Amino acid sequence: MLTASIIFLVLFSFIDIILGSVIIPFKDILKSIFSSQEIESAYNTIIFDFKLPKLYTAIIAGASLSVAGLLMQTVFRNPLAGPYVLGISSGASLGVAILLLGFAGILPETYNLTGSWATAIAAWIGAGLVLILIFLISLRVSNVITVLIIGVLIGSAISSLVNLLQYIGSAEKLKTFILWTMGSLGGVTKEHFYIIIPAISAGFILAIFSIKQLDSLILGENYAKTMGVNLLITRISVFTATTLLAGTVTAFCGPIGFVGIIVPHLARLIFDTASHKILIPASAIIGAIMLVVSDIISQLPGLTGTVPINSVTAILGIPIVIKIILDKKGF
Amino acid sequence: MQNEIVLNFENAIAGYSAKHKISEIVKIDNISAKKAEIIALIGINGAGKSTFLKSIIGLNKFISGNVFLKNINIKKYSSKQIAKIISFVSSEIITAGHLTVFDLVALGRYPHTNSTGKLSENDIQKIENAIETVGLKNLTNKSINEISDGERQRVMIARALAQDTEIIIMDEPASFLDLQNKYAVYGIMKKLAENQNKTIIFSTHDINIALKFSDKLWIIYEKNIIENSPEDIILSGLLNNIFENKNIIFDTKSLDYKIEQTLNKPINVKFNTDNSDIKILIENALKRNGFYIDLKNEKTFLEVQYQNKKLEFQFNRNKYFNFYELISALKNYSS
């Protein structure tokens, strides 16, 4: 099953490279990737400098957000948890907004929003703080829908704060910021991967090391405790993983919604298991597929320019979220 | 061996602290659980049954005092070590999708597997044995959402068995189950104590079941826990004191509580049958409606016939052919 998913991922990846504002014939892609002979250099540039980084970003972002969503759903025992709906992405946005707009005087005018450690760290701090806040609330409120509503409210409150901050920033920075909030896979360059890859890898490694503890949480925290699970350490490692995964993606691509909430459900449905040993890789691959497909849709031939990726994931994701709420089947 | 004490308490106080205020709920002193004993914890709502049980397994903290697990203070154990000695079954209904019976029971192996959680041959054997012990072998690969509540509770017991502990604590393990599932659960408990020397401590509201299935009762009475065998406790009359409502009295014959009713209406009954069941049923019907039998009474008179499985009552010159009609007449008569 995992192999089949990977084949799908590769298939959609090729389609993603072919399509776009410049449509590249399939044989030229193969030539470009596999042969050493010189081919038309324009294609080469487009593939290696634009299309491949964007494809990799889609794969990494889709996988990271989905695994972050899975971790949150397990720890909160809430089928509606996800980095976007519970405001984690908003928290990351706030971090970035404070950095970019609040510290406008300190940063150079040419500051590149999506390209620095400072942005990443600001996003991690913002995401981590909101995560802790939501967690404290979820300790007091057991109803999953209530936690969801509070998460959405926190998200809106943060968006308002971000709006206020926008009055402080210069017009130039404001424009960069607003483009960033729409979510984009295209802004990531090769250099950014030096930050993204270690951060995301660390997140995945933490998640993988937590597999046993995550499984024990399936029956709830009480049962986990009576089986000798150290809840504090589990929470710290899972929250750090979630912050690294969701925060990094948000820092470099802007907030991308609904992938994190629906992909874990698709993974459970397709693989029919609750075991995190399978759900983590499954969510990663399905999430990657979903974001690559979203990217394909966002640049379908016939569209002028590129549709923001966030609109595509919302249109794909919201009906599924509504179905989850109506089904109320839990996990 | 059988008299080995596995758990005992010294001046322990169970309760909870919330917002800087400590609520002491129940004092536990000088009681103990022995190997292979089944112990029923009895007490009215809010007496602290759950709080006490949760304190033993570490979901709550004892406010003070000492608890000894196999003669060593429980504070000296790590939570992982405790998990190898005590397992827990709660009363909550677990809902988790995409989880088979086997997978759920396998979670019980958590304290025994290494950090990757991989199951060894031995682990798999223990899981399968646990499922077989609760009689659900044919459901091993079923999703837990497809089985009944009673079966699911048995799966939860199997999970505790797979945890392979000497002591199993169950918080109202059968409270939401129907009669046959209740008896199935208690039957499994009995089997575990007898065949596997497990010590089982369970809380329940069902005094009748507690008296029938347990070796020892722990009764919460006036914020203390009193322990003794069911028979000693019945004899002491303690069971009549635990409810505030003095109309609830313990009936030794039925081993259950009944509600004492004021009987203020005399009735004279003439039985033209020897069938003892009919006599019991009539007494029950009369009592429920406030009548007591007075053979000297001449004002109110009931005559009962039972022949060839046909009932016939004669009351106030009218004839009735089943209890329902008779009771309606009795009610009209008294009012």
Side-chain angles (χ1 to χ4, degrees), chain A residues 1 70 73-74 76-80 139-140 142 144 205-234 237 264-280 282-283 323-324 327-331, chain B residues 18 50 53-54 56-61 77-100 102-119 141 143-145 152 155-156 159-160 162-165 167-171:
Chain A
M1 198 79 102
L70 172 69
Q73 290 178 6
T74 302
F76 287 113
R77 277 183 66 70
N78 185 338
L80 294 166
L139 284 183
R140 304 192 56 167
S142 57
V144 289
I205 288 168
L206 268 177
I208 288 164
F209 272 105
S210 309
I211 283 177
K212 190 182 168 187
Q213 286 82 335
L214 288 165
D215 279 346
S216 78
L217 284 169
I218 293 172
L219 300 179
E221 291 187 349
N222 277 355
Y223 272 115
K225 260 190 184 170
T226 66
M227 290 191 276
V229 179
N230 188 324
L231 280 183
L232 184 70
I233 292 177
T234 305
S237 65
H265 288 278
L266 296 177
R268 286 187 201 100
L269 206 67
I270 294 169
F271 289 84
D272 191 24
T273 180
S275 159
H276 289 79
K277 200 167 65 194
I278 296 164
L279 286 181
I280 288 178
S283 299
K323 190 173 169 5
I324 296 167
D327 280 358
K328 262 195 184 170
K329 268 206 302 215
F331 292 94
Chain B
S50 260
L53 291 184
K54 283 181 175 166
I56 304 176
I57 39 157
L59 293 176
N60 238 336
K61 277 189 185 133
Y77 290 87
S78 71
S79 55
K80 200 154 186 180
Q81 284 170 323
I82 294 177
K84 288 183 182 173
I85 306 176
I86 313 179
S87 56
F88 181 59
V89 177
S90 80
S91 58
E92 62 184 314
I93 300 173
I94 295 295
T95 50
H98 309 288
L99 194 66
T100 63
F102 183 91
D103 290 341
L104 197 156
V105 176
L107 293 174
R109 294 305 296 163
Y110 184 95
H112 302 279
T113 55
N114 65 12
S115 59
T116 63
K118 195 174 157 33
L119 298 172
N141 295 315
S143 160
I144 65 152
N145 283 346
R152 204 172 300 129
V155 174
M156 295 314 287
R159 188 211 59 85
Q163 204 171 323
D164 202 10
T165 58
I167 304 171
I168 303 175
I169 290 180
M170 305 188 184
D171 191 3

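Every chain is numbered from 1, with letters handed out A, B, ... down the list of sequences. In this text the structure is predicted, and so the values were computed from the model without any measurement. Because only heavy atoms are used, hydrogens play no part in the values below, and waters and symmetry mates are left out as well, while side chains stay in.
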Between [X] and chain A, which part of the residue has a heavy atom less than 4.5 Å away: side chain, backbone, both or neither?
X         : answer
Ile86(B)  : backbone
Ile82(B)  : neither
Ser143(B) : neither
Glu92(B)  : side chain
Arg109(B) : neither

Of all the heavy-atom pairs spanning Gly228(A) and Ala83(B), show the shortest one and how long it is.
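Nearest heavy atoms, Gly228(A) then Ala83(B): N-CB, 3.6 Å.
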What closest approach, in Å, do Gln163(B) and Thr226(A) show between heavy atoms, and which atom pair accounts for it?
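Looks like NE2-O, 3.2 Å.
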Output, in order, the C-alpha distance, side-chain angles, deciding distance and verdict of side chain to side chain contact (heavy atoms under 4.5 Å, CB included) for Tyr223(A) and Ile94(B).
CA-CA 10 Å; Tyr223(A) 272 115; Ile94(B) 295 295; 3.9 Å; yes
Counting heavy-atom pairs closer than 4.5 Å to chain B, which one of Ile218(A), Ile208(A), Asp215(A), Leu219(A) comes out on top?
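Among the listed options, the one with the most contacts to chain B is Leu219(A).
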Looking at Ala224(A), Gly220(A), Ala274(A), which has the largest count of heavy-atom pairs under 4.5 Å with chain B?
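Result: the option with the highest number of such pairs is Ala274(A).
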4.5 Å side-chain heavy-atom contact, His98(B) and Phe271(A):
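No. Closest side-chain heavy atoms not under 4.5 Å.
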Can you check whether Phe88(B) reaches Lys225(A) side chain to side chain, under 4.5 Å on heavy atoms?
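Of all side-chain heavy-atom pairs linking Lys225(A) with Phe88(B), none is under 4.5 Å.
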If you measure from OG1 on Thr273(A) to CG on Leu99(B), what distance do you get to the nearest 0.5 Å?
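These two atoms lie 7.5 Å from each other.
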Just verifying a value: how many Å separate Leu107(B) CG and Leu217(A) CG, rounded to the nearest 0.5 Å?
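With rounding to 0.5 Å, CG (Leu107(B)) is 10.0 Å from CG (Leu217(A)).
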Listed by chain and number, what are the side-chain hydrogen bond (donor to acceptor under 3.5 Å, both in side chains) partners of Ser87(B), not counting sequence neighbours?
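side-chain hydrogen bond (donor to acceptor under 3.5 Å, both in side chains) check on Ser87(B) returns Thr165(B).
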List the residues meeting side-chain hydrogen bond (donor to acceptor under 3.5 Å, both in side chains) with Asn60(B), not counting sequence neighbours, and say none if there are none.
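Per chain and number, Asn60(B) pairs via side-chain hydrogen bond (donor to acceptor under 3.5 Å, both in side chains) with no residue.
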Which atoms of Ile211(A) come close to chain B, meaning under 4.5 Å heavy atom to heavy atom: side chain ones, backbone ones, both, or neither?
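Contact with chain B is absent: no heavy atom of Ile211(A) under 4.5 Å.
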Please classify the contact of Leu269(A) with chain B as side chain, backbone, both or neither, using a heavy-atom distance under 4.5 Å.
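For Leu269(A), heavy atoms of backbone and side chain both lie under 4.5 Å from chain B.
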Just so I understand: if I count every heavy-atom pair under 4.5 Å between each of Ala106(B), Ser79(B), Gly108(B) and chain A, which residue has the most?
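Most pairs with chain A among the choices: Ser79(B).
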Give the C-alpha distance, both sets of side-chain angles, the deciding distance and a yes or no for side chain to side chain contact (heavy atoms under 4.5 Å, CB included) between Arg159(B) and Met227(A).
CA-CA 11 Å; Arg159(B) 188 211 59 85; Met227(A) 290 191 276; 3.2 Å; yes
Please determine, by modelled atom types, if Thr113(B) and Lys212(A) share a side-chain donor-acceptor pair under 3.5 angstrom.
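Note: Thr113(B) and Lys212(A) side chains meet the donor-acceptor criterion.
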